[in-house]
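Worksheet: one structure, shown below.
Basis for what follows: all heavy atoms, side chains included, without hydrogens, waters or symmetry-related copies.
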Amino acid sequence: DSAGHCRLGIARCQHGRRLLKKTNFPMPQDAEAAFYEALERADLEAMMEVWSEDEDVSCIHPGGARLTGLAQVRENWAQIFKSGQRLQVRLSDQVIVHGLMFAVHSLHENILVRSGQDEGARSIVVATNVYQRSSEGWRMLLHHGSPAPAPVVRRDAPLVAPKVLH
């Protein structure tokens, strides 16, 4: 039903016609800025405004299962935001591949977790965000975060980047 669609983050009016999103992101970087602003404010509606209405959207949090579809993505963000923890995120090491219809952003999320007045843990997440251009501007299709590997410091040998086959 249309009320159920709205609860699930799918924009539909009473007669089943698609409603336009409120925000048009002219560039993928605009959608990304809105994503991290919504994350820091724990604003579910602003978060879902960034996501594509494509049912194949996916979200993977560090150490978590792959969430597929708007309903799962929305419910998971709602749970995260209800936790009371607030995140402060600074982006670094950004690599952007941008085409006519898709953009892929690979970056590090430098996260500070806050609970109430307490300053909590710091972590680095390696993230990939994929955006697709639509008639409503750029929208997120995928957010994939993985814990950054801990740097290995060896005093008996010079620092050399490990060779990783993938």
Side-chain angles (χ1 to χ4, degrees), residues 1-13 18-96 103-132 134 136-152:
D1 68 344
S2 60
H5 285 329
C6 289
R7 280 193 306 277
L8 299 177
I10 302 168
R12 304 268 181 219
C13 74
R18 193 166 153 255
L19 295 176
L20 296 178
K21 296 248 186 189
K22 296 175 189 170
T23 308
N24 184 334
F25 301 110
M27 296 295 294
Q29 291 85 339
D30 300 321
E32 186 154 85
F35 173 81
Y36 287 105
E37 287 170 14
L39 178 60
E40 287 189 340
R41 289 193 328 258
D43 184 334
L44 182 60
E45 296 312 314
M47 172 61 72
M48 296 313 297
E49 186 74 14
V50 174
W51 286 85
S52 169
E53 290 185 9
D54 188 320
E55 274 304 311
D56 291 329
V57 296
S58 291
C59 185
I60 306 163
H61 295 293
R66 181 179 69 185
L67 308 168
T68 302
L70 287 169
Q72 285 186 3
V73 169
R74 181 182 184 88
E75 179 58 32
N76 188 255
W77 284 116
Q79 289 174 6
I80 290 169
F81 294 161
K82 286 178 188 172
S83 75
Q85 292 184 332
R86 294 298 174 253
L87 305 179
Q88 183 178 355
V89 183
R90 185 180 56 79
L91 305 181
S92 65
D93 302 302
Q94 293 175 293
V95 176
I96 296 173
V104 178
H105 295 194
S106 175
L107 50 98
H108 289 172
E109 299 171 345
N110 300 276
I111 300 173
L112 172 62
V113 179
R114 296 182 183 275
S115 283
Q117 299 293 347
D118 298 332
E119 186 171 305
R122 293 180 182 269
S123 64
I124 298 175
V125 172
V126 179
T128 302
N129 297 322
V130 177
Y131 302 92
Q132 180 180 26
S134 73
E136 298 173 351
W138 289 87
R139 298 286 182 230
M140 181 175 275
L141 286 176
L142 168 78
H143 171 73
H144 182 183
S146 298
V152 176

Starting at OH of Tyr36, measure out to CG of Leu87 and round the result to the nearest 0.5 Å.
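Answer rounded to 0.5 Å: 11.0 Å.
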Output the distance between atom CD (Glu136) and atom NZ (Lys22), rounded to the nearest 0.5 Å.
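Rounded to the nearest 0.5 Å, the CD-NZ separation comes to 12.5 Å.
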[X] side chain to [Y] backbone, donor-acceptor under 3.5 Å:
{"X": "Arg66", "Y": "His61", "answer": "no"}
{"X": "Arg86", "Y": "Leu39", "answer": "no"}
{"X": "Asn110", "Y": "Arg90", "answer": "yes"}

Which heavy atom of [X] sits nearest a heavy atom of [Y], and at what distance?
{"X": "Gly63", "Y": "Pro147", "answer": "N-CD, 4.4 Å"}
{"X": "Phe81", "Y": "Ala38", "answer": "CZ-O, 3.9 Å"}
{"X": "Val125", "Y": "Gly145", "answer": "CG1-CA, 3.7 Å"}
{"X": "Gly137", "Y": "Asn24", "answer": "CA-OD1, 3.2 Å"}
{"X": "Leu142", "Y": "Trp51", "answer": "N-CZ3, 4.2 Å"}
{"X": "Leu107", "Y": "Glu109", "answer": "CD1-CG, 3.7 Å"}

Sub-4.5 Å side-chain heavy-atom contact between [X] and [Y]:
{"X": "Val57", "Y": "Met140", "answer": "no"}
{"X": "Phe35", "Y": "Met47", "answer": "yes"}
{"X": "Val73", "Y": "His143", "answer": "no"}
{"X": "Asp30", "Y": "Trp138", "answer": "no"}
{"X": "Val126", "Y": "His108", "answer": "yes"}
{"X": "Val104", "Y": "Thr128", "answer": "yes"}
{"X": "Glu32", "Y": "Gln94", "answer": "yes"}

Could you go through Leu70 and Met48, starting from their C-alpha distance and side-chain angles, then the distance that decides it, and tell me whether this counts as side-chain contact (heavy atoms from CB on, under 4.5 Å)?
CA-CA 8 Å; Leu70 287 169; Met48 296 313 297; 3.9 Å; yes
Under a 4.0 Å threshold between the charged nitrogen and the carboxylate oxygen, would Glu45 count as salt-bridged to Arg74?
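Yes, this pair counts.
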Going by distance alone, is a donor N or O of one side chain under 3.5 Å from an acceptor N or O of the other, for Asp54 and Gln132?
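No donor-acceptor contact under 3.5 Å links the two side chains.
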